[in-house]
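Below: one structure, written as structure tokens.
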Amino acid sequence: MLDIKYIRENADLVQKNADNKRMKVNIAALLALDDRRLALLKEVEEIRKERNEIADKMKSVSAEERPGLIERGKALKDSVAHKETEYEAVASEWKTALLAIPNMTHPDTPIGASDEENVEKKVFGEVPSPPFTPKSHVELAEELDLIDFERGAKVAGAKFYFLKGKLALLEQALTQWVMKLMVAEGYVPMITPDLAKDAVLVGTGFNPRGPETQIYSIENADLSLIGTAEIPLGGYHMNEVIEEDKLPLKYVGLSHCFRTEAGTYGRESYGLYRVHQFSKVELFIFAAPWQSEALHEELRRLEEMVFQKLGLVFRTVDICTGDLGGPAYRKYDLEAWMWGKGGWGEITSTSNCTDYQARRLNVKVRRKDGSLEYAHTLNGTAAAMSRALIAIMEQYQNADGSITVPEALIPFTGFNRIG
RNA sequence: GGAGAGGUGGCAGAGUGGUCGAACGCGCCGGACUCGAAAUCCGGUAUACCUUCACGGGUAUCGAGGGUUCGAAUCCCUCCCUCUCCGCCA
């Protein structure tokens, strides 16, 4: 959410920014709505003022004057109720429109319409040319009995799966390894709830219900299954004021992630690449405004470190405006080489949301001089298990169809080879 | 899940229909005293929004939402959370 005052004063910039992000918003319409809302607010407050004055007079007034005042009070009660209803209707529409306005964008972010205009920043390693035809993780898993998609579908439906045998252990090893790595970097380890209240979803910028949602919600309850630990970690300090010298607060959270992924069948969702449930280790930072830009670079560096330590071939991409999404001020993705896709596949993502998320979540910083301002929030994937497993399986496969375990994970698996 | 108690400012804690945005205390900030500090004394000390060049003025907020009333922190209803006991369970 942007500050309405900022929008009023920078209407053109905000409109241009939304256009760059390929988001259909109408700033002029929002500002017209804002005017109506403020006019109604004034009317409501005027009536309430008179109501309060009458209530105040009642304390000292003579018996003869009381009935008149009571009558006047009754009339005001009706008119305030009407005006409030009118105001609420406009305010609600206003809020919806305001929430749809995307965050501003980093000046260095490439302008572009879609992911095709993302800018490659750096390639780590070289795409190998093995002396055999590399298999996809689905083929490898089939031959080594590592993932059971069929029975996953039987038990929970399409795009659910069982991780099996050494692959199940490999995921646990990866989880433990990456958690410990991040703890060593100063991040506080957390295992989060896998469900969150709608208010937390909305606060973090997710839409829990409605036709466009990617979120599973619980019927007859104010709860949804989280799509990422960003949701509970962002909600962790919701409605809090954090002292300046406590910042930044850095967390590394493990959770299950649930996504409906409606309408995404096809090549882009092959195997483990796009599934309804996976586990993920997520980094989340609450920062002071002047810290966030450097911390975003830190998150990118940490993500790159993880995949370098795993010995994977990947590249870092600077996400362009059209692919950025609403909350992000700037975003980097890491993409690993995936034989099954025949190209790069996203494995992690890190965003600087500046104060956009904090404003919704109502997380503030108290400066040393006592003043308050909204915090900045950042998030980044340390490791999304399903996609990291794809990269490992496909890049670490051998000519005989076996898979070598990355060196770094062997202390956590206890074995160095699958198959 | 059942029974009971409770949720008020940064903390602690009064307040049971108007004199309450809210006592007293602690903390914090400023000042006095002091060579300096402690102690003491004096003053200040919630948030959001609207309005004003400014001083200021206004509206809302006592867990959340709704209701009663001319008027609600206070009365009623629903929900959430915390504590104690019981049941159940990993």
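The structure presented is a predicted model; accordingly, all values stated were derived computationally and were not measured. Every chain is numbered from 1 and lettered A, B, ... according to where its sequence line falls, protein lines coming before strand lines.
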What interatomic distance, in whole Å, is found between [atom1] of [M] and the corresponding atom of [N]?
N: B:A46; M: B:A22; atom1: P; value: 10 Å
N: B:U19; M: B:G30; atom1: P; value: 34 Å
N: B:U8; M: B:U61; atom1: C1'; value: 12 Å
N: B:G25; M: B:U84; atom1: P; value: 33 Å
N: B:A73; M: B:U16; atom1: P; value: 13 Å
N: B:C83; M: B:G27; atom1: C1'; value: 26 Å
N: B:G9; M: B:U78; atom1: C1'; value: 27 Å
N: B:G44; M: B:A37; atom1: P; value: 23 Å

Any strand is fair game: report the nucleotide pairing with [N] by Watson-Crick or G-U wobble, both distances under 3.5 Å, or none.
N: B:C11; result: B:G25
N: B:U16; result: none
N: B:A39; result: none
N: B:G6; result: B:C81

Could you tell me which residues satisfy salt bridge (Lys or Arg N to Asp or Glu O under 4.0 Å) with A:R301, sequence neighbours excluded, listed by chain and number?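 In terms of salt bridge (Lys or Arg N to Asp or Glu O under 4.0 Å), with neighbours along the sequence ignored, A:R301 is linked to no residue.
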Quick check, are the ring centers of A:H137 and A:Y273 under 6.0 angstrom apart? no
Flag the pair A:M338 / A:I347 as yes when at least one side-chain heavy-atom distance between them is below 4.5 Å, and no otherwise.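 Side chain of A:M338 against side chain of A:I347, heavy atoms only: contact under 4.5 Å found.
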Of the candidate nucleotides B:C49, B:G18, B:U51, which contains the atom at the shortest distance from the side chain of A:K5?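 Output: B:C49.
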Just checking, is any N or O donor in the side chain of A:N20 or A:T105 under 3.5 Å from an acceptor N or O on the other one?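 Absent: no donor and acceptor within the cut-off.
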Heavy atom of residues 77-89 of chain A under 4.0 Å from RNA chain B: which residues?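 Within this stretch, A:K77 sit under 4.0 Å of the strand.
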Are any of A:K74's side-chain N or O atoms less than 4.0 Å away from OP1 or OP2 of B:C70? yes
Just to confirm, is there a sub-4.0 Å distance from OP1 or OP2 of B:A46 to any side-chain nitrogen or oxygen of A:K364?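 False: A:K364 side-chain N/O out of range (4.0 Å or more) of B:A46 OP1/OP2.
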Position toward the 5' end of RNA chain B (nearest nucleotide), A:R8 or A:G73: A:R8
Indicate the ring-plane relationship of A:F286 and A:H237, choosing parallel, tilted or perpendicular according to the 30° and 60° boundaries. perpendicular
Please verify the inter-ring angle class for A:H276 with A:Y216; under 30° counts as parallel, over 60° as perpendicular, anything in between as tilted. perpendicular
How does each nucleotide of nucleotides 54-62 of chain B score, in 5' to 3' order, for protein heavy atoms under 4.0 Å: base (B), sugar-phosphate only (S), or none (-)? ----BBS--
Can we say A:E297 and A:R300 salt-bridge, meaning some charged N sits less than 4.0 Å from an Asp/Glu carboxylate O?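 Judged by the 4.0 Å cut-off on N to carboxylate O distance, A:E297 and A:R300 do form a salt bridge.
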Whole-Å gap separating [atom2] ([N]) and [atom1] ([X]):
X: A:R72; N: B:G71; atom1: CZ; atom2: P; answer: 13 Å
X: A:E243; N: B:C29; atom1: CD; atom2: C1'; answer: 14 Å
X: A:N239; N: B:G7; atom1: CG; atom2: P; answer: 21 Å

Do any pairs count as a ring pair (Phe, Tyr, Trp, His ring centres under 6.0 Å) and have a residue in residues 39-95 of chain A, sequence neighbours left out, and if so which ones?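 Counting only pairs at least two positions apart or across chains, no ring pair (Phe, Tyr, Trp, His ring centres under 6.0 Å) contact touches residues 39-95 of chain A.
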Which part of the nucleic acid, if any, lies within contact of [X], taking any heavy atom under 4.0 Å across all strands shown: a base, the sugar-phosphate backbone alone, or nothing?
X: A:L69; result: nothing
X: A:L76; result: nothing
X: A:R359; result: nothing

Below 3.5 Å, can you tabulate the donor-acceptor pairs from side chains in residues 168-192 of chain A to any protein atom, sequence neighbours excluded?
unit_1: A:T175; atom_1: OG1; unit_2: A:E171; atom_2: O; d: 2.7
unit_1: A:Y187; atom_1: OH; unit_2: A:E298; atom_2: OE2; d: 2.6

With A:E142 via side-chain contact (heavy atoms from CB on, under 4.5 Å) - residues at least two apart: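 For A:E142 there are no side-chain contact (heavy atoms from CB on, under 4.5 Å) partners, ignoring immediate neighbours.
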